[in-house]
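On a predicted model such as this, the values are computed, not experimentally measured, just so you know. Below, each value reflects all heavy atoms present in this structure, side chains not excepted, and no hydrogens, waters or symmetry copies.
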Amino acid sequence: MKKAKLFMDTVVEIQVVMNGTASKELVETKVDRAFEAFRKVEQACSRFSPDSELMTACRVIEKPVQISPYLFEPLNFALEMANWTDGEFDPAIGKVMEEQGYNRHYLTGKSIETPAADSTATFRDIILDEHDHTLYLNKPLVIDLGAVAKGFAIDLAANVLRDFEGFMVNAGGDLFAGGMDWNGRPWKVGIQHPLKKDQIIDVIEISNEAVCTSGSYERKNANIPGMHHIINPKTGYSPNDCVSSTIIAPFAMMADAFSTTAILFGREKGKTLIESVGLRGLFITPDLQIVKVGGTQNDSKEMA
């Protein structure tokens with residue numbers, strides 16, 4: 001069974017390997033529940049909707065706000081990444097992204113502006129209470145969860161489908177593949193050429209793993225050469241040492257966050273990062289070299 005719906009500015013496709021033990025009605029029910037996870041995460045974490053849980057909470061300063069698990073969990077993970085990277089990965093970068101023009105809703109086309117927000121705010125101005133599940137902001141700011149929210153939604157959807165022998169949740173190329181495919185083999189996942197959309201540059205095989213890609217090639221700033229949607233909060237500029245970073249991890253939120261962090265770190269520092277946490281993946285350099293990292297063979301080859 002295959003179904004697709006639009007969420008979070010991307011087409012989400014869910015595939016389930018049908019077998020004799022699961023009825024069509026059960027599969028459809030669980031697939032609908034998996035899609036519902038994307039809807040709930042989008043409503044909670046969207047920076048582009050003024051009435052989302054995230055943007056509503058960002059309007060409350062110096063007062064604790066109760067937040068749902070759909071916002072708390074990805075934000076908590078983003079703050080852990082920020083602490084671990086000493087702020088090179090920082091969810092408080094939302095106002096900077098607004099100023100660079102990354103503030104338009106993909107469905108309505110409307111732009112969101114937060115004039116009171118401080119573009120110098122950092123993750124240290126965001127305080128989460130793990131016991132009470134509250135969010136406290138030290139100053140006006142905008143939180144951006146673009147590097148974790150989609151991965152979190154994929155993981156929630158995968159958890160709904162975990163009892164099936166095989167399934168895939170694919171959100172625009174970021175995905176989790178569970179079990180085995182229709183042939184009883186690990187899922188084959190093609191890595192898209194960053195510049196030639198109709199070409200596959202590499203194929204990997206995975207089972208019960210996630211694959212996420214971040215890159216500089218899809219959302220470039222039309223007004224500033226070299227700028228794109230991944231911005232280093234410490235420099236205010238976009239790193240361009242890699243065209244893209246693809247990470248394979250046990251969970252999609254982890255793969256999502258580390259693929260972005262690897263771009264922020266650059267190829268050499270990013271390679272060390274990925275290897276240090278036992279993940280694997282590949283980088284594509286500006287001269288179109290493929291650099292495999294971690295559990296994959298550590299070699300380089302030139303793309304066609």
Side-chain angles (χ1 to χ4, degrees), residues 2-15 28-60 65-79 81 89 91-95 97-98 101-114 117 126 128 133 135 141-162 167-176 210-214 218-219 229-230 251-257 259-260:
K2 292 184 182 181
K3 279 190 174 183
K5 293 186 179 183
L6 182 65
F7 292 104
M8 305 175 83
D9 197 16
T10 194
V11 175
V12 179
E13 182 183 76
I14 294 178
Q15 305 178 46
E28 288 183 341
T29 297
K30 290 211 168 186
V31 167
D32 288 342
R33 283 179 54 202
F35 280 126
E36 180 69 4
F38 280 89
R39 185 188 68 81
K40 289 181 177 179
V41 173
E42 183 169 23
Q43 287 182 339
C45 299
S46 176
R47 180 172 57 82
F48 306 96
S49 299
D51 58 348
S52 71
E53 184 180 5
L54 172 68
M55 294 307 291
T56 300
C58 281
R59 290 193 287 270
V60 181
V65 178
Q66 195 92 31
I67 59 176
S68 74
Y70 296 101
L71 177 55
F72 183 90
E73 295 300 333
L75 178 54
N76 189 45
F77 188 79
L79 290 174
M81 290 292 296
F89 178 106
I93 201 169
K95 181 57 181 177
M97 297 188 72
E98 274 191 14
Y102 299 108
N103 61 340
R104 190 178 301 274
H105 196 286
Y106 70 98
L107 290 177
T108 66
K110 293 182 179 180
S111 297
I112 186 169
E113 299 287 347
T114 317
I126 304 170
L128 282 184
H133 274 212
L135 167 65
L141 55 83
V142 179
I143 296 170
D144 177 77
L145 296 176
V148 293
K150 185 164 64 172
F152 179 58
I154 293 171
D155 288 333
L156 290 179
N159 188 55
V160 172
L161 304 171
R162 67 185 184 278
F167 65 88
M168 181 182 288
V169 181
N170 186 344
D174 293 338
L175 58 87
F176 185 94
V211 180
C212 291
T213 298
S214 296
E218 288 189 335
R219 298 171 64 191
H229 73 290
I230 301 176
F251 304 102
M253 185 161 63
M254 178 184 293
D256 201 4
S259 64
T260 297

Please determine whether side-chain contact (heavy atoms from CB on, under 4.5 Å) holds for the pair V148 and F89, giving the CA-CA distance in whole Å, both sets of side-chain angles, and the decisive distance to 0.1 Å. CA-CA 11 Å; V148 293; F89 178 106; 4.1 Å; yes

Measuring from L145:CG to F152:CZ, what's the distance to the nearest 0.5 Å? 10.5 Å

Heavy-atom side-chain proximity of Q15 to N170 below 4.5 angstrom: no

Tell me, do S259 and T213 make a side-chain contact under 4.5 Å, heavy atoms counted? no

Can you tell me how the ring of H229 sits relative to the ring of Y102, calling it parallel under 30°, perpendicular over 60° and tilted otherwise? perpendicular

Where L54 and C45 come nearest, the two heavy atoms and their spacing: CD2-O, 3.2 Å

Interatomic spacing from CD1 in I143 to CZ in R47 - rounded to 0.5 Å: 11.5 Å

Taking D155 for the side chain and A252 for the main chain, is one N or O donor matched with an acceptor at less than 3.5 Å? yes

Working to the nearest 0.5 Å, report the span between CZ of F167 and NZ of K2. 16.0 Å

Quick one: are S46 and M55 in side-chain contact, heavy atoms under 4.5 Å? no

Contacts of type side-chain contact (heavy atoms from CB on, under 4.5 Å), residue T29, not counting sequence neighbours: none

Enter the distance from M253:CE to C212:SG here, rounded to the nearest 0.5 Å. 11.0 Å

Can you tell me how far the CG atom of L128 sits from the CD atom of E73, to the nearest 0.5 Å? 9.5 Å

Close side-chain approach of N159 and F176, heavy atoms under 4.5 Å: no

For A37 and A157, the nearest pair of non-hydrogen atoms, with its separation, is CB-N, 4.1 Å

Contacts under 3.5 angstrom, residues 65-72 side chains, donor-acceptor by atom type, not counting sequence neighbours:
| unit_1 | atom_1 | unit_2 | atom_2 | d |
| --- | --- | --- | --- | --- |
| Q66 | NE2 | D132 | O | 2.6 |
| S68 | OG | E53 | OE1 | 2.7 |
| S68 | OG | E53 | OE2 | 3.4 |
| S68 | OG | Y70 | N | 3.3 |

Evaluate whether atom CZ of F251 has more than 12 neighbouring non-hydrogen atoms of other residues, nucleotides or ligands under 6.0 angstrom away. no

Is there a side-chain contact (heavy atoms from CB on, under 4.5 Å) between S214 and I230? Walk through the geometry before answering. CA-CA 9 Å; S214 296; I230 301 176; 4.0 Å; yes

Working to the nearest 0.5 angstrom, can you tell me the gap between M81 CE and N76 CG? 12.5 Å

Work out which heavy atom in T260 is nearest to a heavy atom in A147; give both atom names and the distance. OG1-CB, 3.6 Å

Identify the two heavy atoms, one from T56 and one from P50, that lie closest to each other, and give their separation to 0.1 Å. OG1-O, 4.0 Å

Min side-chain heavy-atom separation D256-F77 under 4.5 Å: no

With a 4.0 Å cut-off on N to O distance, would you call R39 and E36 a salt bridge? yes

Closest non-hydrogen atoms of T10 and L6, given as atom of the first, atom of the second and distance, are O-CD1, 3.2 Å

Under the 3.5 angstrom rule, does the side chain of D144 hit a backbone N or O of A92 as a donor-acceptor pair? no

Is any side-chain heavy atom of K150 closer than 4.5 Å to a side-chain heavy atom of E42? no

So, do P74 and V41 sit near enough that their side-chain heavy atoms are less than 4.5 Å apart? no

Beyond-backbone contact of L141 with K95, side-chain heavy atoms, under 4.5 angstrom: no

Donor-acceptor contact below 3.5 Å, side chain R104 vs main chain G109: yes

For L161 and V169, which heavy atoms make the closest approach, and how far apart are they? CD1-CG2, 3.8 Å

